[in-house]
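Proteins get letters first, then strands, A, B, ... in listed order; numbering begins at 1 in each.
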Protein chains: 2
Amino acid sequence: MAVMENETKLAESIPRLVELADFRHQLRTFLSFSESASESCGIAAQQYQLMQVIGSVPADRQASISYIADRMILRHNSTVELVDRAERAGLVERRHDEHDLRRSLVQLTPQGWAILEKLVALHLEELHLHAEAMMRALRKVQAISLANRSSKNGDSGEDERR
Amino acid sequence: MAVMENETKLAESIPRLVELADFRHQLRTFLSFSESASESCGIAAQQYQLMQVIGSVPADRQASISYIADRMILRHNSTVELVDRAERAGLVERRHDEHDLRRSLVQLTPQGWAILEKLVALHLEELHLHAEAMMRALRKVQAISLANRSSKNGDSGEDERR
DNA sequence: CTAAAACATGTCGCTAGGCGATATAATGGA
DNA sequence: TCCATTATATCGCCTAGCGACATGTTTTAG
(Lines give C-alpha, C1' and ligand atoms only; values in the text may rest on other atoms or scores of the structure.)
Protein backbone atom coordinates (compact mmCIF):
# COMPACT_ATOMS: atom_id res chain seq x y z
CA MET A 1 0.00 0.00 0.00
CA ALA A 2 2.83 2.31 0.80
CA VAL A 3 4.60 1.63 -2.44
CA MET A 4 1.62 1.98 -4.75
CA GLU A 5 1.54 5.30 -6.51
CA ASN A 6 -1.83 6.82 -5.89
CA GLU A 7 -2.32 7.22 -9.62
CA THR A 8 -2.55 3.57 -10.27
CA LYS A 9 -5.73 2.78 -8.43
CA LEU A 10 -7.72 0.60 -10.73
CA ALA A 11 -11.35 0.68 -11.65
CA GLU A 12 -12.12 -2.04 -9.19
CA SER A 13 -10.60 -0.48 -6.15
CA ILE A 14 -14.13 0.27 -5.07
CA PRO A 15 -15.85 -3.05 -5.55
CA ARG A 16 -19.34 -2.17 -6.77
CA LEU A 17 -18.58 1.06 -8.47
CA VAL A 18 -19.02 -0.12 -12.04
CA GLU A 19 -22.50 -1.43 -11.45
CA LEU A 20 -23.61 1.73 -9.71
CA ALA A 21 -22.13 3.83 -12.49
CA ASP A 22 -23.88 1.76 -15.13
CA PHE A 23 -27.18 2.12 -13.35
CA ARG A 24 -26.68 5.82 -13.10
CA HIS A 25 -25.86 5.99 -16.77
CA GLN A 26 -29.13 4.25 -17.55
CA LEU A 27 -30.96 6.84 -15.50
CA ARG A 28 -29.23 9.70 -17.27
CA THR A 29 -30.08 8.15 -20.60
CA PHE A 30 -33.74 7.91 -19.71
CA LEU A 31 -33.86 11.42 -18.29
CA SER A 32 -32.11 12.73 -21.35
CA PHE A 33 -34.66 11.05 -23.58
CA SER A 34 -37.43 12.54 -21.52
CA GLU A 35 -35.92 15.98 -21.92
CA SER A 36 -35.71 15.63 -25.69
CA ALA A 37 -39.20 14.23 -25.93
CA SER A 38 -40.58 17.10 -23.90
CA GLU A 39 -38.76 19.64 -25.99
CA SER A 40 -40.11 17.97 -29.11
CA CYS A 41 -43.54 18.89 -27.75
CA GLY A 42 -42.39 22.41 -27.07
CA ILE A 43 -42.29 22.16 -23.30
CA ALA A 44 -39.69 21.74 -20.56
CA ALA A 45 -39.11 18.35 -18.99
CA GLN A 46 -40.21 19.66 -15.61
CA GLN A 47 -43.50 20.77 -17.09
CA TYR A 48 -44.12 17.26 -18.33
CA GLN A 49 -43.45 15.90 -14.88
CA LEU A 50 -45.72 18.52 -13.40
CA MET A 51 -48.51 17.47 -15.72
CA GLN A 52 -47.86 13.83 -14.86
CA VAL A 53 -48.32 14.61 -11.20
CA ILE A 54 -51.47 16.65 -11.76
CA GLY A 55 -52.92 14.14 -14.19
CA SER A 56 -52.40 11.27 -11.78
CA VAL A 57 -53.78 12.74 -8.60
CA PRO A 58 -55.68 10.07 -6.68
CA ALA A 59 -59.43 10.47 -6.95
CA ASP A 60 -59.77 11.54 -3.32
CA ARG A 61 -57.14 14.27 -3.48
CA GLN A 62 -56.53 17.44 -5.40
CA ALA A 63 -53.45 19.00 -6.89
CA SER A 64 -52.68 21.80 -4.49
CA ILE A 65 -49.31 23.49 -4.60
CA SER A 66 -48.11 21.63 -1.54
CA TYR A 67 -49.28 18.31 -2.88
CA ILE A 68 -47.39 18.94 -6.08
CA ALA A 69 -44.33 20.13 -4.20
CA ASP A 70 -44.38 16.94 -2.19
CA ARG A 71 -44.64 14.70 -5.23
CA MET A 72 -42.18 16.67 -7.30
CA ILE A 73 -39.80 16.83 -4.36
CA LEU A 74 -39.43 20.57 -4.63
CA ARG A 75 -39.77 23.50 -2.26
CA HIS A 76 -43.18 25.09 -2.37
CA ASN A 77 -41.85 28.29 -3.89
CA SER A 78 -40.14 26.42 -6.71
CA THR A 79 -43.44 24.71 -7.29
CA VAL A 80 -45.29 27.99 -7.48
CA GLU A 81 -42.84 29.12 -10.12
CA LEU A 82 -43.12 25.87 -12.05
CA VAL A 83 -46.89 26.18 -12.08
CA ASP A 84 -46.58 29.82 -13.13
CA ARG A 85 -44.54 28.81 -16.14
CA ALA A 86 -46.87 25.98 -17.05
CA GLU A 87 -49.84 28.27 -16.68
CA ARG A 88 -48.23 30.87 -18.93
CA ALA A 89 -47.67 28.09 -21.46
CA GLY A 90 -51.36 27.24 -21.32
CA LEU A 91 -50.80 23.73 -19.94
CA VAL A 92 -52.51 24.14 -16.58
CA GLU A 93 -54.73 26.57 -14.76
CA ARG A 94 -55.33 27.56 -11.18
CA ARG A 95 -58.63 27.45 -9.34
CA HIS A 96 -59.40 28.37 -5.78
CA ASP A 97 -60.38 25.74 -3.29
CA GLU A 98 -63.83 26.77 -2.16
CA HIS A 99 -63.42 25.20 1.25
CA ASP A 100 -59.98 26.55 2.01
CA LEU A 101 -59.24 29.85 0.40
CA ARG A 102 -55.53 29.50 1.09
CA ARG A 103 -55.18 26.62 -1.30
CA SER A 104 -55.07 26.98 -5.03
CA LEU A 105 -55.78 23.88 -7.01
CA VAL A 106 -54.07 23.23 -10.27
CA GLN A 107 -55.63 21.37 -13.15
CA LEU A 108 -54.73 20.55 -16.70
CA THR A 109 -56.16 22.46 -19.62
CA PRO A 110 -57.37 20.52 -22.65
CA GLN A 111 -54.12 21.44 -24.36
CA GLY A 112 -52.25 20.17 -21.32
CA TRP A 113 -54.06 16.86 -21.51
CA ALA A 114 -53.28 16.54 -25.18
CA ILE A 115 -49.57 17.12 -24.75
CA LEU A 116 -49.43 14.89 -21.70
CA GLU A 117 -51.11 12.12 -23.63
CA LYS A 118 -48.63 12.44 -26.43
CA LEU A 119 -45.66 12.44 -24.06
CA VAL A 120 -46.94 9.47 -22.12
CA ALA A 121 -47.13 7.56 -25.37
CA LEU A 122 -43.60 8.56 -26.30
CA HIS A 123 -42.28 7.54 -22.91
CA LEU A 124 -44.03 4.21 -22.95
CA GLU A 125 -42.52 3.59 -26.35
CA GLU A 126 -39.07 4.45 -25.09
CA LEU A 127 -39.49 2.31 -22.01
CA HIS A 128 -40.63 -0.55 -24.15
CA LEU A 129 -37.18 -0.41 -25.67
CA HIS A 130 -35.07 0.32 -22.62
CA ALA A 131 -36.90 -0.82 -19.52
CA GLU A 132 -35.20 -4.17 -19.81
CA ALA A 133 -31.72 -2.66 -19.69
CA MET A 134 -32.69 -0.51 -16.74
CA MET A 135 -34.09 -3.54 -14.95
CA ARG A 136 -30.88 -5.44 -15.55
CA ALA A 137 -28.73 -2.62 -14.24
CA LEU A 138 -30.96 -2.13 -11.23
CA ARG A 139 -31.05 -5.83 -10.51
CA LYS A 140 -27.28 -6.00 -10.47
CA VAL A 141 -27.04 -3.10 -8.09
CA GLN A 142 -29.72 -4.63 -5.94
CA ALA A 143 -27.97 -7.97 -5.73
CA ILE A 144 -24.85 -6.11 -4.77
CA SER A 145 -26.48 -3.93 -2.18
CA LEU A 146 -27.98 -7.00 -0.58
CA ALA A 147 -24.58 -8.65 -0.31
CA ASN A 148 -23.20 -5.39 0.96
CA ARG A 149 -25.21 -5.28 4.15
CA SER A 150 -23.18 -4.27 7.19
CA SER A 151 -20.25 -3.46 5.01
CA LYS A 152 -19.37 -0.84 7.57
CA ASN A 153 -18.70 -3.15 10.50
CA GLY A 154 -15.45 -5.04 10.69
CA ASP A 155 -15.96 -7.33 7.76
CA SER A 156 -12.92 -9.17 6.60
CA GLY A 157 -14.24 -10.51 3.33
CA GLU A 158 -16.75 -8.73 1.19
CA ASP A 159 -16.33 -10.48 -2.09
CA GLU A 160 -16.91 -14.17 -1.64
CA ARG A 161 -20.48 -13.79 -0.52
CA ARG A 162 -22.23 -14.01 -3.86
CA MET B 1 -68.18 14.10 -24.73
CA ALA B 2 -69.83 17.30 -25.69
CA VAL B 3 -71.61 17.62 -22.40
CA MET B 4 -68.67 16.79 -20.17
CA GLU B 5 -67.11 19.87 -18.66
CA ASN B 6 -63.45 19.76 -19.44
CA GLU B 7 -62.71 20.09 -15.74
CA THR B 8 -63.96 16.69 -14.89
CA LYS B 9 -61.44 14.55 -16.68
CA LEU B 10 -60.49 11.85 -14.25
CA ALA B 11 -57.14 10.49 -13.28
CA GLU B 12 -57.58 7.53 -15.55
CA SER B 13 -58.38 9.37 -18.71
CA ILE B 14 -54.87 8.52 -19.80
CA PRO B 15 -54.66 4.82 -19.08
CA ARG B 16 -51.10 4.28 -17.91
CA LEU B 17 -50.41 7.64 -16.42
CA VAL B 18 -50.44 6.61 -12.79
CA GLU B 19 -47.82 3.95 -13.24
CA LEU B 20 -45.54 6.26 -15.18
CA ALA B 21 -45.99 8.95 -12.56
CA ASP B 22 -45.19 6.54 -9.77
CA PHE B 23 -42.07 5.39 -11.52
CA ARG B 24 -40.99 8.96 -12.03
CA HIS B 25 -41.62 9.67 -8.38
CA GLN B 26 -39.34 6.81 -7.45
CA LEU B 27 -36.64 8.27 -9.65
CA ARG B 28 -37.02 11.69 -8.11
CA THR B 29 -36.83 10.18 -4.65
CA PHE B 30 -33.62 8.38 -5.48
CA LEU B 31 -32.08 11.42 -7.13
CA SER B 32 -33.09 13.54 -4.19
CA PHE B 33 -31.44 11.13 -1.82
CA SER B 34 -28.32 11.21 -3.95
CA GLU B 35 -28.29 14.97 -3.80
CA SER B 36 -28.58 15.00 -0.02
CA ALA B 37 -25.95 12.31 0.38
CA SER B 38 -23.55 14.22 -1.83
CA GLU B 39 -24.15 17.41 0.07
CA SER B 40 -23.56 15.56 3.31
CA CYS B 41 -20.07 14.90 1.94
CA GLY B 42 -19.69 18.52 1.00
CA ILE B 43 -19.94 18.08 -2.75
CA ALA B 44 -22.53 18.58 -5.47
CA ALA B 45 -24.46 15.61 -6.83
CA GLN B 46 -22.96 16.14 -10.27
CA GLN B 47 -19.49 15.91 -8.80
CA TYR B 48 -20.34 12.55 -7.32
CA GLN B 49 -21.55 11.35 -10.68
CA LEU B 50 -18.43 12.70 -12.30
CA MET B 51 -16.27 10.75 -9.87
CA GLN B 52 -18.37 7.66 -10.49
CA VAL B 53 -17.66 7.93 -14.18
CA ILE B 54 -13.97 8.53 -13.70
CA GLY B 55 -13.64 5.82 -11.08
CA SER B 56 -15.32 3.26 -13.30
CA VAL B 57 -13.48 3.82 -16.56
CA PRO B 58 -12.87 0.50 -18.25
CA ALA B 59 -9.28 -0.66 -17.96
CA ASP B 60 -8.57 -0.05 -21.63
CA ARG B 61 -9.84 3.52 -21.71
CA GLN B 62 -9.08 6.78 -20.00
CA ALA B 63 -11.24 9.55 -18.66
CA SER B 64 -10.81 12.26 -21.25
CA ILE B 65 -13.19 15.18 -21.31
CA SER B 66 -15.08 13.79 -24.27
CA TYR B 67 -15.36 10.36 -22.71
CA ILE B 68 -16.80 11.91 -19.58
CA ALA B 69 -19.13 14.11 -21.58
CA ASP B 70 -20.42 11.06 -23.38
CA ARG B 71 -21.06 9.11 -20.20
CA MET B 72 -22.48 12.05 -18.31
CA ILE B 73 -24.64 12.97 -21.29
CA LEU B 74 -23.44 16.54 -21.25
CA ARG B 75 -21.98 18.91 -23.82
CA HIS B 76 -18.23 18.95 -23.74
CA ASN B 77 -18.12 22.52 -22.49
CA SER B 78 -20.38 21.73 -19.57
CA THR B 79 -18.05 18.85 -18.81
CA VAL B 80 -15.03 21.11 -18.83
CA GLU B 81 -16.76 23.32 -16.31
CA LEU B 82 -17.82 20.37 -14.16
CA VAL B 83 -14.24 19.13 -14.10
CA ASP B 84 -13.04 22.63 -13.29
CA ARG B 85 -15.26 22.75 -10.25
CA ALA B 86 -14.29 19.29 -9.12
CA GLU B 87 -10.63 20.14 -9.57
CA ARG B 88 -11.02 23.29 -7.55
CA ALA B 89 -12.64 21.18 -4.85
CA GLY B 90 -9.64 18.88 -4.86
CA LEU B 91 -11.58 15.83 -6.02
CA VAL B 92 -9.89 15.27 -9.37
CA GLU B 93 -6.89 16.46 -11.29
CA ARG B 94 -5.97 16.88 -14.93
CA ARG B 95 -3.02 15.32 -16.67
CA HIS B 96 -1.99 15.61 -20.26
CA ASP B 97 -2.16 12.63 -22.55
CA GLU B 98 1.41 12.07 -23.65
CA HIS B 99 0.38 10.60 -26.98
CA ASP B 100 -2.21 13.20 -27.88
CA LEU B 101 -1.51 16.60 -26.46
CA ARG B 102 -5.00 17.77 -27.20
CA ARG B 103 -6.55 15.44 -24.69
CA SER B 104 -6.49 16.06 -21.00
CA LEU B 105 -7.10 13.06 -18.82
CA VAL B 106 -8.92 13.39 -15.57
CA GLN B 107 -8.21 11.24 -12.55
CA LEU B 108 -9.33 11.12 -8.97
CA THR B 109 -7.23 12.45 -6.16
CA PRO B 110 -6.88 10.38 -2.97
CA GLN B 111 -9.45 12.67 -1.39
CA GLY B 112 -11.71 12.06 -4.37
CA TRP B 113 -11.41 8.32 -3.95
CA ALA B 114 -12.19 8.60 -0.26
CA ILE B 115 -15.35 10.62 -0.81
CA LEU B 116 -16.41 8.45 -3.71
CA GLU B 117 -16.01 5.35 -1.57
CA LYS B 118 -18.09 6.84 1.16
CA LEU B 119 -20.83 7.91 -1.24
CA VAL B 120 -20.92 4.54 -2.97
CA ALA B 121 -21.47 2.94 0.41
CA LEU B 122 -24.28 5.38 1.21
CA HIS B 123 -25.95 4.76 -2.13
CA LEU B 124 -25.74 1.00 -1.83
CA GLU B 125 -27.30 1.29 1.57
CA GLU B 126 -30.12 3.41 0.19
CA LEU B 127 -30.66 1.08 -2.72
CA HIS B 128 -30.77 -1.84 -0.38
CA LEU B 129 -33.84 -0.19 1.08
CA HIS B 130 -35.50 1.13 -2.05
CA ALA B 131 -34.34 -0.87 -5.04
CA GLU B 132 -37.28 -3.20 -4.54
CA ALA B 133 -39.81 -0.40 -4.83
CA MET B 134 -38.08 0.95 -7.90
CA MET B 135 -38.09 -2.48 -9.46
CA ARG B 136 -41.77 -2.87 -8.79
CA ALA B 137 -42.60 0.50 -10.30
CA LEU B 138 -40.42 -0.18 -13.30
CA ARG B 139 -41.86 -3.64 -13.78
CA LYS B 140 -45.37 -2.23 -13.86
CA VAL B 141 -44.43 0.35 -16.43
CA GLN B 142 -42.67 -2.29 -18.44
CA ALA B 143 -45.63 -4.61 -18.45
CA ILE B 144 -47.75 -1.71 -19.56
CA SER B 145 -45.41 -0.59 -22.29
CA LEU B 146 -45.38 -4.12 -23.63
CA ALA B 147 -49.15 -4.25 -23.78
CA ASN B 148 -49.13 -0.80 -25.28
CA ARG B 149 -47.30 -1.66 -28.45
CA SER B 150 -48.85 -0.05 -31.49
CA SER B 151 -51.18 1.93 -29.32
CA LYS B 152 -51.12 4.53 -32.03
CA ASN B 153 -52.87 2.46 -34.68
CA GLY B 154 -56.62 2.10 -34.54
CA ASP B 155 -56.95 0.16 -31.32
CA SER B 156 -60.47 -0.11 -30.04
CA GLY B 157 -59.88 -1.51 -26.58
CA GLU B 158 -56.99 -0.64 -24.37
CA ASP B 159 -58.32 -1.29 -20.92
CA GLU B 160 -59.67 -4.79 -20.69
CA ARG B 161 -56.28 -6.43 -20.82
CA ARG B 162 -55.33 -7.63 -17.32
C1' DC C 1 -64.73 35.30 20.62
C1' DT C 2 -60.31 36.84 19.85
C1' DA C 3 -55.17 36.53 19.76
C1' DA C 4 -51.70 33.85 18.27
C1' DA C 5 -49.83 29.89 16.11
C1' DA C 6 -49.78 27.16 12.11
C1' DC C 7 -50.43 26.75 7.42
C1' DA C 8 -50.71 27.70 2.13
C1' DT C 9 -49.35 30.35 -1.38
C1' DG C 10 -46.87 33.95 -3.45
C1' DT C 11 -42.71 37.41 -4.34
C1' DC C 12 -37.88 38.69 -4.77
C1' DG C 13 -33.01 38.49 -5.36
C1' DC C 14 -29.33 35.28 -5.82
C1' DT C 15 -26.69 31.51 -7.64
C1' DA C 16 -25.33 27.20 -9.90
C1' DG C 17 -24.90 24.88 -13.79
C1' DG C 18 -26.00 23.89 -18.52
C1' DC C 19 -25.73 25.60 -23.32
C1' DG C 20 -24.44 27.99 -27.89
C1' DA C 21 -20.98 30.47 -30.03
C1' DT C 22 -16.42 31.10 -30.46
C1' DA C 23 -11.29 30.37 -29.87
C1' DT C 24 -6.97 27.81 -29.91
C1' DA C 25 -4.06 24.09 -30.32
C1' DA C 26 -2.94 19.37 -31.94
C1' DT C 27 -3.55 15.63 -35.16
C1' DG C 28 -3.86 13.27 -39.50
C1' DG C 29 -4.58 12.61 -44.29
C1' DA C 30 -4.10 14.28 -49.22
C1' DT D 1 2.65 21.38 -46.29
C1' DC D 2 -2.13 22.66 -45.80
C1' DC D 3 -6.59 22.02 -44.39
C1' DA D 4 -10.34 19.43 -42.31
C1' DT D 5 -11.15 17.28 -38.04
C1' DT D 6 -10.76 16.65 -33.27
C1' DA D 7 -10.15 18.03 -28.25
C1' DT D 8 -10.32 21.20 -24.92
C1' DA D 9 -11.13 25.72 -23.14
C1' DT D 10 -13.49 30.42 -22.56
C1' DC D 11 -17.33 33.65 -22.48
C1' DG D 12 -21.88 35.47 -21.91
C1' DC D 13 -26.52 34.13 -21.36
C1' DC D 14 -30.50 32.12 -19.29
C1' DT D 15 -33.30 28.80 -16.67
C1' DA D 16 -34.80 26.88 -12.62
C1' DG D 17 -34.21 26.03 -7.89
C1' DC D 18 -33.54 28.02 -3.29
C1' DG D 19 -33.66 30.99 1.12
C1' DA D 20 -35.77 34.77 3.10
C1' DC D 21 -39.57 37.21 3.48
C1' DA D 22 -44.61 38.70 2.90
C1' DT D 23 -49.54 38.07 2.84
C1' DG D 24 -53.74 36.05 3.61
C1' DT D 25 -56.46 31.98 5.81
C1' DT D 26 -57.53 28.56 9.07
C1' DT D 27 -57.18 26.56 13.49
C1' DT D 28 -56.43 26.43 18.21
C1' DA D 29 -55.90 28.09 23.09
C1' DG D 30 -57.53 30.58 26.59
J.: Touch check for B:L74, heavy atoms < 4.0 angstrom, all strands: base, sugar-phosphate only, or nothing?
T.: sugar-phosphate
J.: So which heavy atom on A:Q142 is nearest to which on B:A131, and how close?
T.: CG-CB, 3.7 Å
J.: Just one of A:R102, A:R103, A:H96 clears the side-chain hydrogen bond (donor to acceptor under 3.5 Å, both in side chains) bar with A:D100, so which one?
T.: A:R102
J.: Between B:L101 and B:R75, just flag the one whose closest nucleotide in DNA chain C comes earlier from the 5' side.
T.: B:R75
J.: If you walk 5' to 3' along DNA chain D, what is the first nucleotide with an atom under 4.0 Å of a heavy atom in chain B, and what is the last?
T.: D:dT6 to D:dG12
J.: How far apart are the closest heavy atoms of B:L108 and B:G55, and which atoms are they?
T.: CD1-CA, 3.9 Å
J.: Heavy atoms only, 4.0 Å cut-off, all strands: where does B:T79 land among base, sugar-phosphate and nothing?
T.: nothing
J.: Under 4.0 angstrom, heavy atoms only, what part of the nucleic acid is A:S78 near: base, sugar-phosphate, or nothing?
T.: base
J.: Would you name the heavy atoms of A:A63 and A:V57 that are closest together and state the gap between them?
T.: CB-CG2, 3.7 Å
J.: Quick check: does any side chain N or O of A:E87 sit under 3.5 Å from a backbone N or O of A:R94, one acting as donor and the other as acceptor?
T.: yes
J.: Would you name the heavy atoms of B:Y67 and B:V53 that are closest together and state the gap between them?
T.: CE2-CG1, 4.0 Å
J.: Scan A:E81 against the nucleic acid and name what it touches under 4.0 Å (heavy atoms): base, sugar-phosphate only, or nothing.
T.: base
J.: Where does the chain B footprint on DNA chain C start and end, counting 5' to 3' with a 4.0 Å heavy-atom cut-off?
T.: C:dG17 to C:dT27
J.: Taking the nucleotide of DNA chain D with the nearest heavy atom to each, does B:L105 or A:D100 sit closer to the 5' end?
T.: B:L105
J.: Less than 6.0 angstrom separating the ring centers of B:Y48 and B:H123, yes or no?
T.: yes
J.: Do A:R71 and B:D22 sit within salt-bridge range, that is, some charged N less than 4.0 Å from a carboxylate O?
T.: yes
